[in-house]
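Report on one structure; see the data block that follows.
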2 protein chains.
Amino acid sequence: MTDDDRVFKALADPSRRFLLDLLFARDGRTLTELESELEMTRFGVAKHLRVLEEAGLVVTRRSGREKLHFLNPVPIRQIHDRWIDKYTEHQITTLIDLKRTLEEES
Amino acid sequence: MTDDDRVFKALADPSRRFLLDLLFARDGRTLTELESELEMTRFGVAKHLRVLEEAGLVVTRRSGREKLHFLNPVPIRQIHDRWIDKYTEHQITTLIDLKRTLEEES
DNA sequence: TTGACATGTGACCGGATGGTCACATAACTT
DNA sequence: AAGTTATGTGACCATCCGGTCACATGTCAA
């Protein structure tokens, strides 16, 4: 299993993406805290966090008996850079900003 | 199945990512042309292209009996924007550019 | 219009994946 | 030391997914 394979497989599950959303909103949470946000047993959440950590999308730090989880944006940026070059990036951000502006006006 | 679920599921397979790489290098290819680049039957490739198209990562245009395939970067950029805010984007691009520079020097 | 070419469909099978549970270790508290 | 809290492990099962095949449709060229 290659590194990028681990990243994309990790992102393929909606529960794991939701965990990233939670960490994007606020970093440094424990398993138990994250578990309370999902309708799933602790074991399921722990398994998902392990997949995210092995993919490098989440990094952890131990503090006593607690394990704190942090979002790592680097692999996400690398996905972006794989299929969007500098020129396209400028076009696409302009387009998306325009779309957002139009939606706000309506 | 939500839109973003289709996108991430589509990206979870290495053959499909390779197809995106091929289209990133050169757009507007037919199924038969793409098939010759993979070690897989035509049916397998067609199935993967269908998944990519339903996810909006690939858009197609018919030309007679041929179907031309094009890469659509919009869903990729949206993945980026989901977990990387403007401030982090600046930090991360600086970091990645630095890393690239160091690797080129060594 | 006949044959070759490009693509599409539905069924099938082996392997991978998501979620749970019983059980276990380690650390804080009193 | 004892009870509670936070996390870790391995097995299990239902379901999904990747790839192939037999078969079919539509298009071009002579």
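This is a predicted model, so every value here is computed, not measured. Order of the sequence lines sets the chain letters (A, B, ...), proteins ahead of strands, with each chain counted from 1.
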Open item on the list: At 10 degrees resolution, what angle do the end axes of the helix from C:dT1-D:dA30 to C:dT30-D:dA1 form when each is taken over five base pairs?
Closed with: 30°

TODO: Can you tell me the distance, in whole Å, between the CG atom of B:L19 and the P atom of D:dG19?
DONE: 10 Å

- [ ] Apply salt bridge (Lys or Arg N to Asp or Glu O under 4.0 Å) to B:R61 and list each qualifying residue two or more places apart in sequence or on a separate chain.
- [x] none

Task: All ring pair (Phe, Tyr, Trp, His ring centres under 6.0 Å) counterparts of B:H48, not counting sequence neighbours - done: none

Pairwise N/O distances under 3.5 Å, protein to nucleotides 12-19 of chain C:
residue, atom, partner, partner atom, Å
C:dG18, OP1, A:R16, NH1, 3.4
C:dG18, OP1, A:R16, NH2, 2.7
C:dG19, OP2, A:H48, NE2, 2.3
C:dG19, N7, A:K47, NZ, 3.0
C:dG19, O6, A:K47, NZ, 2.4

- [ ] Kindly write out the residues that satisfy salt bridge (Lys or Arg N to Asp or Glu O under 4.0 Å) with A:E54, not counting sequence neighbours, or none if the list is empty.
- [x] A:R50

TODO: Could you check how far CG of B:L38 sits from P of D:dT20, rounded to whole Å?
DONE: 10 Å

- [ ] Please name all residues satisfying salt bridge (Lys or Arg N to Asp or Glu O under 4.0 Å) with A:K47, sequence neighbours left out, ordered by chain then number.
- [x] none

Open item on the list: Could you list the cluster mates of A:V59? Members are the ILVMFWY residues connected by side-chain heavy atoms closer than 4.5 Å, either directly or through other members.
Closed with: A:L68, A:F70

Task: Interatomic distance, B:L20 atom CG to B:I76 atom CD1 [nearest 0.5 angstrom] - done: 6.5 Å

TODO: Could you state the atom-to-atom distance from CG of A:L34 to C1' of D:dT7 in whole Å?
DONE: 13 Å

Open item on the list: According to ring pair (Phe, Tyr, Trp, His ring centres under 6.0 Å), who are the partners of B:H69, at least two apart in sequence or on a separate chain?
Closed with: none

Task: ILVMFWY cluster membership beyond A:M1 - transitive side-chain contacts under 4.5 angstrom - done: none

Task: Whole-Å gap separating P (C:dT20) and CZ (A:R50) - done: 18 Å

TODO: Quick one, give me the B/S/- string for nucleotides 2-7 of chain C, reading 5' to 3', where B means a protein heavy atom under 4.0 Å from the base and S means that only happens at the primed atoms, P, OP1 or OP2.
DONE: ---BSB

TODO: Return the value, rounded to whole Å, for the distance between atom CG of B:D5 and atom C1' of D:dC17.
DONE: 13 Å

Task: salt bridge (charged side-chain N to carboxylate O under 4.0 Å, His left out): pairs with one or both residues in residues 6-15 of chain B, sequence neighbours excluded - done: B:D3-B:R6, B:D5-B:K9

TODO: Sort and list the pairs that fulfil salt bridge (charged side-chain N to carboxylate O under 4.0 Å, His left out) and have at least one residue in residues 18-32 of chain A, not counting sequence neighbours.
DONE: A:D21-B:R82, A:R26-A:E33, A:R29-A:E33, A:R29-A:E37

Task: Any side-chain heavy-atom pair of B:R77 and A:I84 under 4.5 Å - done: yes

